[in-house]
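The sequence lines fix the lettering, A, B, ..., with proteins before strands; numbering per chain opens at 1. These figures come from a predicted structure and were not determined experimentally.
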Amino acid sequence: MANERYNAAEREKYWQSVWEKGEIFRASEDPSRPKSYVLEMFPYPSGRIHMGHVRNYAMGDVVARYKRARGFNVLHPMGWDAFGMPAENAAMERKVHPGAWTYANIDTMRGQLKSMGLSLDWSREIATCSPSYYKHQQKLFLDFLKKGIAYRKSSKVNWDPVDQTVLANEQVIDGRGWRSGALVEQRELTQWFFKITDYADELLSDLDTLVNWPEKVRLMQANWIGRSEGMLVRWALDKKAAPKDFSELEVYTTRPDTLFGASFLAVAADHPLAKAAAERDPKLAAFCDECRRMGTSVADIEAAEKRGYDTGIRAIHPFDDSWELPVYVANFVLMDYGTGAIFGCPSGDQRDMDFARRYNLPVVPVILPPGENAETFQLTDKAYVDDGTMINSRFLDGLSTSAAFEEAANRLEKQSLGSRPQGARKVNYRLRDWGISRQRYWGCPIPIIHCKTHGPVPVPEKDLPIELPEDATFDKPGNPLDRHPTWKHVNCPICGEPAVRETDTMDTFVDSSWYFVRFTAPEAQTPVDLNAAHYWLPVDQYIGGIEHAILHLLYSRFFVRAMCDTGHLSFATNTREPFAALFTQGMVTHETYKSEDGLWLLPNEVRFEGEGANRKAVEVSSGRPAVIGSIEKMSKSKKNLVDPDDIIAHYGADCARWFMLSDSPPERDVIWTEAGVAGAGRFIQRVWRIVEEIAEAYPGEKGPKPGSFGPEALEVRKAAHRALDAVGRAIEALRFNVAVANIHEFSNVLQSALSKRGPDIAWAVREAGDLLIVMIGPMMPHLAEECWARLGYNTLVANEPWPAPEPELLVDDQVTIAVQVNGKRRDELVISRSAKSEEVEAAALQLGSVVRALDGRPPKKVIVVPQRIVNVVG
RNA sequence: GCGGACGUGGUGGAACCGGUAGACACACAGGACUUAAAAUCCUGAGACGGUAACGUCGUGAGGGUUCGAGUCCCUCCGUCCGCACCA
């Protein structure tokens, strides 16, 4: 018996070169064939690929190769999300140009991806930092501007007063700048926005059409858009204390039904009323400053302790002239949502409750929960936010929550304050317009020229692309484009007078909002080639991390609609959705290790002693004990990283891919373990041994199919065809771990059959071997090619069709069904698949275990579920 | 704070539409082969009791619906993710 081990390192390179020479993954439009566009989220070129990429791209490649085998014309491209802050940080820290750094990273990572053996069409490679890409993005921006989809307005940013720079939320740590440590301030800047809110309704309602998206992502997006039906209510302000020119305060509420439970009004620190009041009250001004220092992150604001400041201003209740309520400035009211002002009903909202308890404001219950008694009902510190019956609410008493909403809304609409209705129904969205301005160098320049006379003027299209200057400096913080000596100085396209370029660049989410469109015709002279887009779009299967569930996916959904509305894109089918099916894969995690001194250690800096509960880690360099920490997402900061290059060099790409697909369900996190990889490596050798044995025992062609098969041969054939069926269905459902288990199970059967002899077995084993190779093809493509060649074929598995299983091999004549007595399993029964219910019942009642369990009693009832179960109720 | 998810043996997980819980794999134990080791092959195993046949318990906790619940409903506990300038 030949017993040479499969040499992955050598053979993988060989097969990659065969695929590359044959250009077999190169895609082109072919209207005569059904298409399948398979896409994984393109990577940020951070330096090296990580295990998360390996997992993501292994999954996408299985789908792409499987679809090819099922006869689809597959588009499977790859590119680089190449603009972003890390390049600029690298420039500052290491004095490398962001472009040089990025392109070097791309070269490294392209090489790493190629070593994975992915079935990619590399001829379509895109880098978003290339002028040939962002030129078209600038054109799209100009057309959005013409259409009113892009506009300018003032908005707040995190400002580091020491570094004189704008900070991202992630650069603000506990309210301080990450480099300078200075307290962060908020500044108003005029910035560019995309009018995503115009599409809010469509983006929300079309979620229903995305049936092949995870339910949770659709839910998250729906909540993010946050449509609510409420009212704008205008409250008169008591003239005595109100600042000049402020006679009323408009609030947005979704709960006009709880108006009689109101005990205060609150405005955001940036609300005009707050600013006006702060001018005459230094303490209030200080409080507002403090609120602003919390940063721009909603999470920070809402997690902070509820605090407020009584402005002394009093508002008059819309339903009772004699009822005055205090107006606070509060740190939990967001200027960006609604009108930046609320009325607080402590009994009906937990935040309001917390606030009321802190400042000793009245808490009046206005909604009686079902089943409670109005006399005895009491609230402690927990608000009741659900529906019920109105109490303590005068003319609303006794109404349901929804009827009270209607009644209060109708009255407010009829009532006047000044000469206008006091209330107006209003649909409000949590979704805000998308601010795309970034005060950074390494992004797509916004093609605008600011003229003293003509304001912001679009760059003429003939002047596109506006390219980034190469000779920018990165030795100090701030925007390198802004301080560049010459770049921004140009003449106004209208009047020819000296003017300045926009020095802000676009949010990198813009780059990734249409790259999948560009992939359909990466060389087109216009942003999109409509014919190519019609053929390939939408993406049939999109795969990426759950962390993109909201922003990237929502922005992309918006962006393609905006492209459609500016004539840049249209779909062949009746949809405006870019991604027909979405799959979000889990993260790759690993144990963490720390030295005695509390420093993080890389996995290869520790070795292990003992097993199970006695397993201990030892620091290799010093021999001192190390601490085994929790299992966490692989990250540089915790050093729990495994380098894909090391794994591929040691075990091969197929092994890394196989392990990534095994065990853990793809949507869940996977724990990377040495033992797991080693197990995958063993399976590869096992497949190779099986194939070697088959090739030696049954060389040459399979020959004609025997007229009949003995029981042993039949068993092999059944196992093979069932696996084929099950693996196909598992891959279709992206349940790769189940597909792997099915292949394991089948290979166990095949391996035991190798020791048996006979012409029918020979044929069945040859057939089973062929099928095994086809089945592992999408997951371990190199091994599959090697085995295919070993079995004597001179074709490529990559070009082989996925065979159809023989239906008669998928069903058994006999079925095993469980027999329960009173719901407890007592026995099982092997019976003909076609047995009638009465026969099954009779057979079950004769079983000794059933008779014993019934203890002589006659059965009260027998439930027979054909081919499944019998339950005897006694 | 708001929103979303997840929880099954020593471990990762499987279980179709409510129908035999623990497939498959890892780790482990015993055996075969070997001078030996590695590799490979065979066998075993949820927990508890029992020589065994078998019995009882068992899917984070508690309750409910049902002939039957890992699966459906309610309450609770724990873990994780997102929150708009990270990508």
Novice: Please report, rounded to the nearest Å, how far the C1' atom of B:A25 is from the CE atom of A:M660.
Specialist: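 Taking atom C1' of B:A25 as the reference, CE of A:M660 is at 16 Å.
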Novice: Rounded off to whole Å, could you give me the CE-to-C1' distance for the A:M587 and B:U79 pair?
Specialist: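 After rounding, the gap between these two atoms is 12 Å.
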Novice: How would you list, by chain and number, every residue that makes a salt bridge (charged side-chain N to carboxylate O under 4.0 Å, His left out) with A:R179, sequence neighbours excluded?
Specialist: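 Here the qualifying residues are A:E93.
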Novice: Students often get this wrong, so: under 4.0 angstrom with heavy atoms, is A:Q221 touching a base, only sugar-phosphate, or nothing?
Specialist: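 The answer is nothing, as A:Q221 stays clear of every strand by at least 4.0 Å.
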Novice: Counting only side-chain heavy atoms from C-beta out, which of B:A87, B:A25, B:G3 sits nearest to A:N223?
Specialist: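 Ranking B:A87, B:A25, B:G3 by closest atom to the A:N223 side chain puts B:G3 first.
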Novice: With the criterion being N/O to N/O and under 3.5 Å, what pairs connect the protein with nucleotides 63-68 of chain B, and how long is each?
Specialist:
{"unit_1": "B:C67", "atom_1": "O2'", "unit_2": "A:N871", "atom_2": "ND2", "d": "3.2"}
{"unit_1": "B:C67", "atom_1": "O2", "unit_2": "A:N871", "atom_2": "ND2", "d": "2.5"}

Novice: Taking ring-ring contact (aromatic ring centres under 6.0 Å, His included) as the definition, give me every residue that meets it alongside A:H650, ordered by chain and number, with sequence neighbours left out.
Specialist: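 Here no residue qualifies.
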Novice: Any donor-acceptor pair under 3.5 Å linking the side chain of A:W442 with the backbone of A:A82?
Specialist: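 Yes; judged by distance alone, with no hydrogens or angles, the pair exists.
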Novice: Which residue in the set A:W434, A:Y555, A:W192 passes side-chain hydrogen bond (donor to acceptor under 3.5 Å, both in side chains) when paired with A:D507?
Specialist: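 The option that passes is A:W434.
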Novice: With a 4.0 Å cut-off on heavy atoms, is A:H552 in touch with a base, just the backbone sugar-phosphate, or nothing at all?
Specialist: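 No contact.
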Novice: Report the nucleotide, chosen from B:A87, B:A5, B:U56, that has the shortest atom-to-atom distance to any side-chain atom of A:R826.
Specialist: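 Closest nucleotide among those given: B:U56.
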Novice: Please give the stem ranges for RNA chain B, sorted by first residue number, where a stem is three or more consecutive Watson-Crick or G-U pairs and both donor-acceptor distances are under 3.5 Å.
Specialist: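 Correct response: B:1-7 with B:77-83, B:10-12 with B:24-26, B:28-32 with B:40-44, B:46-49 with B:54-57, B:60-64 with B:72-76.
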Novice: Output the rounded distance in Å from CH2 (A:W101) to P (B:A87).
Specialist: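 From A:W101 CH2 to B:A87 P: 11 Å.
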Novice: Side chain of A:D81: nearest nucleotide among B:A87, B:G4, B:C85?
Specialist: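 Nearest to the side chain of A:D81 among the choices is B:A87.
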Novice: Would you classify B:G9 as syn or anti? Syn applies when the glycosidic angle is within 90° of 0.
Specialist: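 It is syn.
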Novice: Rounded off to whole Å, could you give me the CG-to-C1' distance for the A:D336 and B:C83 pair?
Specialist: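 Answer to the nearest Å: 13 Å.
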Novice: Do the side-chain N or O atoms of A:R825 get closer than 4.0 angstrom to the phosphate oxygens (OP1, OP2) of B:C54?
Specialist: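 Negative; the distance criterion is not met.
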Novice: Please work out whether the ring planes of A:W101 and A:Y44 are parallel, tilted or perpendicular, with thresholds of 30° and 60°.
Specialist: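 Ring orientation, 0 to 90° scale: tilted.
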Novice: Is the shortest side-chain N to carboxylate O distance from A:D354 to A:K306 below 4.0 Å?
Specialist: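 A salt bridge is absent here (no side-chain N lies under 4.0 Å from a carboxylate O).
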Novice: When all nucleic acid strands are considered with a 4.0 Å heavy-atom cut-off, which category describes A:E745: base, sugar-phosphate, or nothing?
Specialist: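 It contacts sugar-phosphate atoms only.
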Novice: May I ask you to evaluate whether A:R430 reaches the phosphate of B:A84, defined as a side-chain N or O under 4.0 Å from OP1 or OP2?
Specialist: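 No.
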Novice: Answer yes or no: is there an ion pair linking A:R438 with A:D504, defined by an N-O contact shorter than 4.0 Å?
Specialist: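 Salt bridge absent between A:R438 and A:D504.
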Novice: Name all residues meeting the ring-ring contact (aromatic ring centres under 6.0 Å, His included) criterion together with A:Y441; count only those two or more places apart in sequence or in a different chain, and write none if there are none.
Specialist: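 By the ring-ring contact (aromatic ring centres under 6.0 Å, His included) rule, A:Y441 matches A:H97, A:F474.
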Novice: Measure from CZ on A:R218 to C1' on B:A5 and round the result to the nearest Å.
Specialist: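 Value for this atom pair: 15 Å.
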Novice: For A:I550 and B:C83, what is the distance between atoms CD1 and C1' respectively, to the nearest whole Å?
Specialist: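 Rounding to the nearest Å, CD1 of A:I550 and C1' of B:C83 are 7 Å apart.
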Novice: Tell me, please, which residues at least two apart from A:F332 pass ring-ring contact (aromatic ring centres under 6.0 Å, His included).
Specialist: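 Counting only residues at least two positions away or on another chain, A:F332 forms a ring-ring contact (aromatic ring centres under 6.0 Å, His included) with A:F355.
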Novice: Decide yes or no, distance alone: a donor-acceptor N/O pair under 3.5 angstrom between the base of B:C85 and the side-chain of A:Q171.
Specialist: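 Side chain to base: no pair present.
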Novice: If the condition is salt bridge (charged side-chain N to carboxylate O under 4.0 Å, His left out), which residues does A:D433 pass it with, not counting sequence neighbours?
Specialist: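 Listed in chain order: A:K195.
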Novice: Taking the side chain as every heavy atom from C-beta outward, state whether A:R668 and A:Q585 have any atom pair closer than 4.5 Å.
Specialist: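 No - every pair of side-chain heavy atoms lies 4.5 Å or more apart.
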Novice: Whole Å only: how far is the CG atom of A:L551 from the C1' atom of B:C83?
Specialist: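 After rounding, the reported distance stands at 8 Å.
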Novice: Would you mind classifying the nucleic acid contact of A:G676 as base, sugar-phosphate or nothing, using non-hydrogen atoms under 4.0 angstrom?
Specialist: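 Touches nothing.
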Novice: Just compare B:U20, B:G3, B:A23 and give me whichever is closest to any side-chain atom of A:T816.
Specialist: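 For A:T816, the side-chain atoms sit closest to B:U20.
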Novice: Is there a side-chain polar atom (N or O) of A:K824 under 4.0 Å from OP1 or OP2 of B:C57?
Specialist: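 Affirmative; the distance criterion is met.
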Novice: Compare the minimum distances between each of B:A87, B:C26, B:A84 and the side chain of A:A675, then state the nucleotide with the smallest one.
Specialist: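 Side chain of A:A675 sits closest to B:C26.
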Novice: Tabulate protein N/O versus nucleotide N/O from nucleotides 43-49 of chain B, keeping only pairs under 3.5 Å, one per line.
Specialist:
none

Novice: Give every residue pair that meets the salt bridge (charged side-chain N to carboxylate O under 4.0 Å, His left out) criterion with at least one member in residues 859-874 of chain A, sequence neighbours excluded.
Specialist: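 Salt bridge (charged side-chain N to carboxylate O under 4.0 Å, His left out) check on residues 859-874 of chain A returns no pairs.
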Novice: Give A:R686 one of three labels, base, sugar-phosphate or nothing, depending on what nucleic acid heavy atoms sit under 4.0 Å from its own.
Specialist: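 Here A:R686 touches the backbone only, sparing every base.
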Novice: Counting only heavy atoms and a strict 4.0 angstrom limit, can you tell me which residues of residues 502-512 of chain A come near RNA chain B?
Specialist: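 Going residue by residue through residues 502-512 of chain A, the ones with a heavy atom under 4.0 Å of RNA chain B turn out to be A:T508, A:F509.
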Novice: Spell out protein contact along nucleotides 7-16 of chain B as letters: B when the base is contacted, S when just the sugar-phosphate is, - when no protein heavy atom is under 4.0 Å; keep the 5' to 3' order.
Specialist: S----BSSSB
Novice: Would you say A:R432 reaches B:A84's phosphate, i.e. side-chain N/O to OP1/OP2 under 4.0 Å?
Specialist: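 No.
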Novice: Cation over ring, A:R5 on A:W688, under 6.0 Å and within 45°?
Specialist: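 No, A:R5 does not lie over the aromatic ring of A:W688.
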Novice: Just to be sure I understand the rule, does A:L431 reach a base, reach only the sugar-phosphate, or reach nothing, if contact means heavy atoms closer than 4.0 Å?
Specialist: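 Touches a base.
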Novice: Tell me every residue that passes ring-ring contact (aromatic ring centres under 6.0 Å, His included) with A:Y199, counting only those two or more places apart in sequence or in another chain.
Specialist: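 Result, ring-ring contact (aromatic ring centres under 6.0 Å, His included) vs A:Y199: A:F558.
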Novice: Ring of A:W159, cation from A:R187 - is the NZ or CZ under 6.0 Å from the centre and inside 45° of the axis?
Specialist: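 Cation-pi check for A:R187 and A:W159: passes.
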Novice: With the threshold set at 4.0 Å, does a side-chain nitrogen-carboxylate oxygen contact exist between A:E215 and A:R218?
Specialist: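 So A:E215 pairs with A:R218 through a salt bridge.
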Novice: With the side chain of A:W224 defined as its heavy atoms from C-beta on, choose the nearest nucleotide among B:G3, B:C83, B:C41.
Specialist: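 That would be B:C83.
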Novice: When the P atoms of B:A84 and B:C77 are compared, how many Å lie between them, rounded to an integer?
Specialist: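 Here B:C77 and B:A84 have their P atoms 27 Å from each other.
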Novice: Applying a 4.0 Å non-hydrogen cut-off, can you work out what A:V862 is touching in the nucleic acid: base, sugar-phosphate, or nothing?
Specialist: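 It contacts nothing in the nucleic acid.
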Novice: Taking the P atom of each, how far is B:A23 from B:G10, in whole Å?
Specialist: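 These two P atoms come out 14 Å apart once rounded.
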Novice: Scan A:N748 against the nucleic acid and name what it touches under 4.0 Å (heavy atoms): base, sugar-phosphate only, or nothing.
Specialist: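 The residue A:N748 makes sugar-phosphate contact but no base contact.
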Novice: With syn defined as a glycosidic angle within 90° of 0 and anti as the rest, where does B:C17 land?
Specialist: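 B:C17: syn.
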Novice: In whole angstrom, give the distance that lies between atom CZ of A:R682 and atom C1' of B:C24.
Specialist: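 Spelled out: CZ on A:R682 to C1' on B:C24 is 14 Å.
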Novice: Which word best sums up how the rings of A:Y515 and A:Y542 line up, parallel for under 30°, tilted for 30 to 60°, or perpendicular for over 60°?
Specialist: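 Ring orientation of A:Y515 relative to A:Y542: tilted.
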Novice: Side chain of A:M85 only, heavy atoms from C-beta on: which candidate in B:C86, B:C26, B:C85 is closest?
Specialist: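 The answer is B:C86, which lies nearest to the side chain.
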Novice: Which nucleotide wins on minimum distance to the side chain of A:Q751, given the candidates B:C41, B:G3, B:U20?
Specialist: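 Between B:C41, B:G3, B:U20, the one nearest the side chain of A:Q751 would be B:C41.
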Novice: Given A:W658, which partner from the list A:Y651, A:F683, A:F736 fulfils the ring-ring contact (aromatic ring centres under 6.0 Å, His included) test?
Specialist: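 It is A:F683, the one option of A:Y651, A:F683, A:F736 that forms the ring-ring contact (aromatic ring centres under 6.0 Å, His included) with A:W658.
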